[in-house]
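In the text below, chain A, chain B and the rest are named by the order of the sequence lines, each starting its count at 1.
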Protein chains: 2
Amino acid sequence: MASHGARGRGGGRPTLEEVAARAGVGRGTVSRVINGSPRVSDATRAAVEAAVAELGYVPNTAARALAANRTDAIALVVPEPETRFFAEPYFSDMLRGVGAALSDTEMQLLLIFAGSDRERQRLAEYLAAHRVDGVLLVSVHADDPLPELLSQLEIPAVISGPRSAAETLASVDSDNYGGARQAVEHLLGRGRRTIAHITGRLDVYGAQRRIDGYRDALREAGHAADELLIEAGDFSEDGGRRAMAALLERRPDLDAVFAASDVTAAGARYALREAGRRIPDDVALVGYDDSAIARHMDPPLTSVRQPIEEMGRAMIDLLLAEVADRRPTATRELERRQMVLATELVGRASS
Amino acid sequence: MASHGARGRGGGRPTLEEVAARAGVGRGTVSRVINGSPRVSDATRAAVEAAVAELGYVPNTAARALAANRTDAIALVVPEPETRFFAEPYFSDMLRGVGAALSDTEMQLLLIFAGSDRERQRLAEYLAAHRVDGVLLVSVHADDPLPELLSQLEIPAVISGPRSAAETLASVDSDNYGGARQAVEHLLGRGRRTIAHITGRLDVYGAQRRIDGYRDALREAGHAADELLIEAGDFSEDGGRRAMAALLERRPDLDAVFAASDVTAAGARYALREAGRRIPDDVALVGYDDSAIARHMDPPLTSVRQPIEEMGRAMIDLLLAEVADRRPTATRELERRQMVLATELVGRASS
DNA sequence: AGGTACTGTGGGAGCGCTCCCACAAGTGAT
DNA sequence: ATCACTTGTGGGAGCGCTCCCACAGTACCT
């Protein structure tokens, strides 16, 4: 009859205190049960859990965040100025993995755009205010100041696609080197002999690793190095087209092309068409990413698939480990980790 | 010398109280300045702003949320079980608009996946706990219980793609009816006479509106209604293929097809190929969405573009208006609003 | 018997805000 | 001079948690 006072403006969601009263225990005990502390007797735990269920109690995140000085949220920073980004299956699949991994936890996912200067400014403030426990960084350029900022603020972060071999942040990547080798070995296996490579943006570490894989695969197969068969692209369609045209001019005898992305391959295809080369009869074409474009291209494009969904999962695993490690109870033990996941060649008609 | 006590575990971020001390005013006054209350003298305001700048003060969101019983966060719910969804430019572009509109505000964006039953359960709890101020709903099925739940909980929500003409939630949509008319009128203008339509999933309101637009455009051009020219698809590639095959069987004389999505059109293209029909020579093809697939198809696909980025913006505008309306100070005035944005036909080689 | 250790529990203090009441000072009508 | 507002301001109370200290109870040593 009394004690209705606690139910106020919020629409009457039950509080810890109400659960405690119902279960006939103290506030601290309920908190322990909610947070899975082992220091609670079985009988008490059961009583509390019953009260929680009856009242439909859900902890108030804001109160928890305030009291415990954590947020139970992580941010996914989308750095591209042109957020075409999303349209890439790369991103959507990763998000899928991230979502799946996250659904096993209490963490929530914040999407933060950092395309414009304005947005980056806001992001910096945001991080300075420690409004997230950790950050997921996707496709960061070599000269981006963000990773440095994160280190300074001591905010756990995981990057997809390390910036260099000496990446200081925890990172998750696919095996760009191995993927490139798979592509080249596949082409060699199909009897191709003069295999060109259109690279990605050279300031992207992954693109460098693909070049390395391309070179090593050819060398180990006994082919002499030929830099004339390598032309720089930039992951764009237009870049692929230009690079292909340049290659055809330099080495009209080429019979295969390994492009650093599917979009690049789409550009290369135009150039090949214009030059009257048939795919795969005259020139075999292999892309990278196994995106929707690869499936819908004419002819369908052989491509190197990255296990992107798994990468998303792995990023969350790493990040949560780092976050946990920062918490007061943790034993500061975690070594920096770099994960590399295997790729897979998806054969289609273009080769 | 004393008073360093306040700087504790959090790493020393300044609090309201510290700002107040620095500016030589009370806590309440700083709060008023931060929240833009007019009841502050200019001199005081300037002093507080100076202190805020010097200290690099950023409000603690958790404390604010707890005290004010709001979150300053909105959720974007991704309902698809298979989150291929993201790969659609539809989604990525909308996200772009949402991000742009949001960057003018203090609101943060939460991404919530509601594909599996497990995730939906979590979402329900989440909403019950009122952990967001508002919800953005994308591509919701007619029988989804989510909108109902949102109404019950009195959480402001905006839906993209209303579920019916009598949508009760605020909604933003593109002009499906007009877009379909544009497609058909374009084909008629190109001299096509026997125009078929492969529909989207019939339980999607937008798909119905496209059918209406298709019918009306033909009727107004003086064509007799011919239900044999309409075949149900489901927005999928395979559905498009099957529907096209069925149409070719029934009406081998057709000379144009309007597909309810680009992916559907891609499927239709395969069926046309298999039947030996050339595009556009024998059969003209028009899609819907103007996605990456349309640009990369062979031949490039004429398609109806929706102003999706603007739709994202509009959704945020509507939602924020509703959220503001729920706040204590608001004058409960807002009428339910349904926004419809115009489409545009992008002509390419397929027609 | 007393000491020591552990386990389980209650509840005070405090996280950093917002809300709101109280009140000083100013303004103008009576 | 008094009263009645208005404007600007200070600061108490309280949001719902977590953290941690205190303490009762039990167990096992000396």
Under the salt bridge (charged side-chain N to carboxylate O under 4.0 Å, His left out) definition, can you give me all pairs with a residue in [range], not counting sequence neighbours?
{"range": "residues 138-160 of chain B", "result": "B:Arg120-B:Asp144"}
{"range": "residues 20-34 of chain B", "result": "B:Glu17-B:Arg27, B:Arg22-B:Glu54"}
{"range": "residues 125-134 of chain A", "result": "A:Asp133-A:Arg327"}
{"range": "residues 56-67 of chain B", "result": "none"}

Protein-nucleotides 22-27 of chain D N/O pairs under 3.5 Å:
none

Letter by letter from the 5' end, nucleotides 5-11 of chain C scores (B base, S sugar-phosphate only, - none; protein heavy atoms under 4.0 Å) --SSBBB
Got a sec, which residues hit side-chain hydrogen bond (donor to acceptor under 3.5 Å, both in side chains) with [X], two or more places apart in sequence or on another chain?
{"X": "B:Tyr126", "value": "A:Gln108"}
{"X": "B:Arg45", "value": "none"}
{"X": "B:Ser103", "value": "none"}
{"X": "B:Ser41", "value": "B:Thr44"}

To the nearest 10 degrees, what angle separates the axes at the start and end of the helix from C:dA1-D:dT30 to C:dT30-D:dA1, five pairs each?
->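 Helix axis angle between the two ends: 50°.
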For A:Ala100, all residues meeting side-chain contact (heavy atoms from CB on, under 4.5 Å), sequence neighbours excluded =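 If we apply the side-chain contact (heavy atoms from CB on, under 4.5 Å) test to A:Ala100, skipping adjacent residues, the hits are A:Arg313.
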